[in-house]
A.B. asks: 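Next up is a structure, given as C-alpha cells.
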Amino acid sequence: MNLSTKKHTFTYSIIALLLVAILSGCSGKSSGFDAGRYTKSCLDAMTKAEFKDYVELTKSTTEQAQKDYERRLQNELRSLSVAFRMDKKTKDRYYSIIKDMYSKCKYEVGEAVKGENDSYTVPVKVYKMKLFENAIDEVNKKVKSYFKKNSKTTPTTTNVAQQQGKYLADLLTDRLKKPEYSEPETINVTVQLGTVNAITYTIKDSDYQKLFNGMWDMDKLQASSSK
C-alpha cells in the first residue's frame with residue numbers, strides 16, 4: 001500500500017475544497033455605497049448563510065443568494081466525493097462538515113477608506129481556524145492501522161480513499177466542536193467599480209482568496225504533506 005502517493009492526492013483534494021471560486025456576482029450598487037458593510041455582507045452570505053444585508057445591498061433575492069450558497073457547498077462536496085469515493089452517507093456527513101467549517105469562520109470588518117477612482121480599501125481581521133495541523137499524518141496512521149487489523153481487506157486505491165475520507169471526517173468533526181483560532185491577521189480588501197458595469201462595486205477574486213486562505217491553517221496541511 002503506497003500511502004505516500006495517496007498523501008499528496010489527499011492534500012490537493014482538500015486544497016481544492018477551500019480554494020474553489022467563492023461567490024460569483026457578489027456586487028453592490030454605487031448609490032450611497034458603504035464598502036465596509038458591503039464586504040461584511042458578502043462574507044456573511046458566503047460563510048454563515050446570512051443573507052439579509054447582502055440582499056439589501058446587492059438588490060438580489062434571498063432565494064438567489066440561498067441557491068448560490070447551496071451551489072458552492074455542492075460543488076465543494078462533489079470534488080471531495082470523487083477524491084474519497086464517497087457513498088451517500090459519507091456525502092451527507094461531509095455536507096454538514098463543510099457547512100460547519102464555513103459557519104465558524106471568524107473575521108471582523110473594519111472601516112473602509114476611500115481611494116482613487118471611487119475604490120475603497122477595507123481592512124478585515126481574519127482569525128485562522130486551526131483545523132489541519134498534523135491532519136494527514138493522523139489520518140494515514142489510522143488508515144495503516146485499519147488495514148493491519150483487517151488484513152483480509154485489500155488496500156486498493158478505492159478502499160484507501162474511502163478510509164481516508166472516513167478518518168478525516170472524524171478528525172474534522174472533533175476539531176470543529178470547539179475550534180481554536182490563531183491571533184488575527186489584517187487583510188486589506190479592495191472594493192472597486194466593475195469593469196463591465198461602472199455603477200456596480202465588486203471585490204476581486206484574488207482578495208477573496210487571500211481572505212479564505214487566512215481563515216484556515218492550510219499551510220499546516222501542506223507542511224504535513226511534504227514530510
Side-chain angles (χ1 to χ4, degrees), residues 16-79 92 94-129 131 176 179 181-182 184-216 218:
L17 160 68
L18 298 177
L19 297 185
V20 72
I22 302 300
L23 184 62
S24 59
C26 186
S27 56
K29 300 298 182 181
S30 61
S31 178
F33 185 66
D34 183 336
R37 183 185 171 198
Y38 162 71
T39 300
K40 185 176 185 301
S41 77
C42 288
L43 289 174
D44 288 348
M46 293 176 206
T47 62
K48 306 179 190 308
E50 295 176 1
F51 306 125
K52 183 178 179 180
D53 254 17
Y54 173 75
V55 167
E56 181 180 338
L57 291 172
T58 63
K59 308 305 180 187
S60 181
T61 65
T62 301
E63 290 76 17
Q64 186 59 53
Q66 180 67 55
K67 285 181 181 178
D68 291 340
Y69 172 79
E70 182 67 26
R71 184 172 62 249
R72 288 193 303 279
L73 293 184
Q74 292 297 336
N75 285 342
E76 293 165 4
L77 181 61
R78 193 174 299 113
S79 297
D92 290 344
Y94 267 96
Y95 177 87
S96 297
I97 289 170
I98 294 167
K99 194 172 181 179
D100 200 22
M101 284 175 63
Y102 275 108
S103 71
K104 291 178 179 175
C105 286
K106 188 176 178 181
Y107 50 85
E108 298 171 5
V109 178
E111 186 174 346
V113 177
K114 192 165 186 178
E116 298 179 352
N117 301 319
D118 290 321
S119 67
Y120 295 84
T121 298
V122 182
V124 182
K125 280 187 179 179
V126 177
Y127 297 77
K128 185 170 288 188
M129 199 186 307
L131 284 180
L176 282 166
Y181 301 86
S182 299
E185 170 193 6
T186 298
I187 297 173
N188 289 320
V189 173
T190 299
V191 181
Q192 60 189 11
L193 287 169
T195 55
V196 177
N197 187 343
I199 65 168
T200 300
Y201 278 95
T202 61
I203 298 174
K204 292 180 180 179
D205 287 344
S206 59
D207 282 348
Y208 277 128
Q209 184 165 315
K210 289 177 186 176
L211 287 171
F212 279 82
N213 284 347
M215 289 185 184
W216 296 282
M218 296 302 300

A.B. asks: Rounded to the nearest 0.5 Å, how far does OG of Ser103 lie from CG of Leu176?
C.D. replies: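 Answer rounded to 0.5 Å: 8.0 Å.
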A.B. asks: For Glu70, run the side-chain hydrogen bond (donor to acceptor under 3.5 Å, both in side chains) check against Arg72, Gln74, Lys67 and tell me which one passes.
C.D. replies: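 Going through the options one by one, the only one that passes is Gln74.
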A.B. asks: Contact between Thr39 and Ile203 at the side-chain level, heavy atoms closer than 4.5 Å - yes or no?
C.D. replies: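 When only atoms from C-beta onward are counted, Ile203 and Thr39 do touch, with a gap below 4.5 Å.
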A.B. asks: Is there a donor in the side chain of Arg78 and an acceptor in the side chain of Asn75, or the other way round, less than 3.5 Å apart?
C.D. replies: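 Judged by distance alone, the side chains do pair up.
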A.B. asks: Would you indicate whether the side-chain heavy atoms of Tyr54 and Arg37 approach each other to under 4.5 Å?
C.D. replies: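 No, their side chains stay 4.5 Å or more apart.
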A.B. asks: Do Asn213 and Tyr208 have side-chain N/O donor and acceptor atoms under 3.5 Å apart?
C.D. replies: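 Side chains of Asn213 and Tyr208: no pair found under 3.5 Å.
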A.B. asks: Atom CG in Leu43, atom CG in Leu211: separation rounded to 0.5 Å?
C.D. replies: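 The CG atom of Leu211 is 6.0 Å from CG of Leu43, to the nearest 0.5 Å.
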A.B. asks: Say you draw a straight line from OG1 of Thr47 to CE of Met101; how long is it, rounded to the nearest 0.5 Å?
C.D. replies: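 Interatomic distance, Thr47 OG1 to Met101 CE, rounded to 0.5 Å: 12.0 Å.
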A.B. asks: Could you check if a side-chain atom of Val124 sits within less than 4.5 angstrom of a side-chain atom of Thr186, using non-hydrogen atoms only?
C.D. replies: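 SC-SC contact between Val124 and Thr186 ruled out.
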A.B. asks: Specify whether Phe33 and Tyr38 have parallel, tilted or perpendicular ring planes, treating 30° as the upper limit for parallel and 60° as the lower limit for perpendicular.
C.D. replies: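 Phe33 vs Tyr38 ring planes: tilted.
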A.B. asks: Can the ring centres of Tyr201 and Tyr120 be said to be less than 6.0 Å apart?
C.D. replies: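 Yes, the ring of Tyr201 comes within the 6.0 Å limit of the ring of Tyr120, centre to centre.
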A.B. asks: Can you find a side-chain donor-acceptor pair between Glu50 and Tyr69 that sits under 3.5 Å?
C.D. replies: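 Note: Glu50 and Tyr69 side chains miss the donor-acceptor criterion.
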A.B. asks: Rounded at 0.5 Å granularity, tell me how far NZ in Lys48 sits from NZ in Lys99.
C.D. replies: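 Spacing of NZ (Lys48) from NZ (Lys99) equals 13.5 Å.
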A.B. asks: Establish, yes or no, whether a centroid distance under 6.0 Å links the rings of Tyr102 and Trp216.
C.D. replies: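 Yes, close enough.
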A.B. asks: Just verifying a value: how many Å separate Lys106 NZ and Glu108 CD, rounded to the nearest 0.5 Å?
C.D. replies: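 The distance works out to 7.0 Å.
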A.B. asks: Does a side chain donor of either Asp68 or Gln64 reach within less than 3.5 Å of an acceptor in the other side chain?
C.D. replies: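 Per modelled atom types, Asp68 and Gln64 side chains form a pair under 3.5 Å.
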